Amino acid sequence: MFKEIKILAVHGRQYIKNLRTQPVAELFRGKPFISEEITGEEIAMACKICPSAAIDCTTGSIDLGRCVFCKECAFLLPGKIKFENDYRIAVNRREDLVIKPGSTNSVRLYEGIIRKDIRKLYRNGLKLRQVSAGGDNSCEMELAATGNVNFDVGRYGIEFVASPRHADGIVITGPVSENMAEALEICYDAIPEPRIIVLAGTDAISGGIFDGNNTLDRRFIDEHHIDLYVPGNPCHPLTFINGVMDILAL
Ligand code: SF4
């Protein structure tokens, strides 16, 4: 008994008390800032080295739905592009993932289109089924981490479940390979209404570096309403958690 108490005293509190305000390392790559003074020549240089065509070669905007957060553009133009460590970058409108030069606005969900039925029904417990649709296991690992002793998102009733029949929504990772397209559709069809769709990670949002590859079949993404876009490559557990908490108004 005393041994256990001693272990508890040594370990201290392991869970993150406030998942909304928890600071992360300075080096974490979250929301980018692009200087308004970036020149056309600099935009062209950054555009050329970007591996996922995330930089608009005309305006210099960065699309977080395409960005793989390699930071090469910031290394190239340290005075003009920097990545802040703000991890709260999940949105519910695809266009809100595009960060324009000079923008200092926070990246947040647009309250006006959050589904009220979802908020009302699932505020006390949201069960999610995760489908890795050609994923590389990086986003999958970060999503699994949301339930560990540190993040412990289960304290809000948010959990991943083994069967779509027990789920209230689907979380998709990976660029959606051709051979996962049908399985994804079947899994979604098995979830009772009302249900939500979350895209976790750059690959799921845009295809990432695989965009345009003929082994992908992204019709499911194109044909359904998406409730939450969680950028990152992979997405940080806190980005996912805060996005879901915003949907549920927790
Ligand atoms: S950090 Fe994003 S925008 Fe910059 S070069 Fe890498 S993928 Fe492109």
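We're numbering straight along the sequence, starting at 1. Numbering of ligands and ligand atoms starts at 1, following listing order. These figures come from a predicted structure and were not determined experimentally. Computed from heavy atoms alone, side chains included, the values below leave out hydrogens, waters and symmetry copies.
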Exercise for the section: Output the list of atoms in ligand 1 that are nearer than 4.0 Å to some heavy atom of F83, sorted by atom number. Expected result: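 Result: 1 (S).
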Practice task
Output yes when a side-chain donor or acceptor of Y122 lies under 3.5 Å from a complementary backbone atom of D117, and no otherwise.
Solution key: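 Absent.
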Practice task
Examine F220 together with H224 and report whether their ring centres are nearer than 6.0 Å.
Solution key: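 Judged by ring-centre distance (under 6.0 Å), F220 and H224 do meet the cut-off.
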Practice task
Using a 4.5 Å cut-off on heavy atoms from C-beta on, say whether the side chain of I172 contacts that of I221.
Solution key: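 In short, these two side chains touch, coming nearer than 4.5 Å.
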Handout entry: R29 to F83, cation-pi by 6.0 Å centre distance and 45° axis angle
Key =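 The answer is no, since R29 fails at least one limit relative to F83.
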Practice task
Compute both the distance and the angle, then confirm whether R155 meets the cation-pi test with Y15: under 6.0 Å from the six-membered ring centre, within 45 degrees of the axis.
Solution key: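 R155 over Y15 ring: no.
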Problem - Under 2.8 Å from atom 2 (Fe) of ligand 1 - protein N/O/S, by chain and number - result: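 You should have found C67 SG.
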Handout entry: Geometric class of the H236/Y87 ring pair [parallel <30°, tilted 30-60°, perpendicular >60°]
Key =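 Parallel, since the angle between the ring planes stays under 30°.
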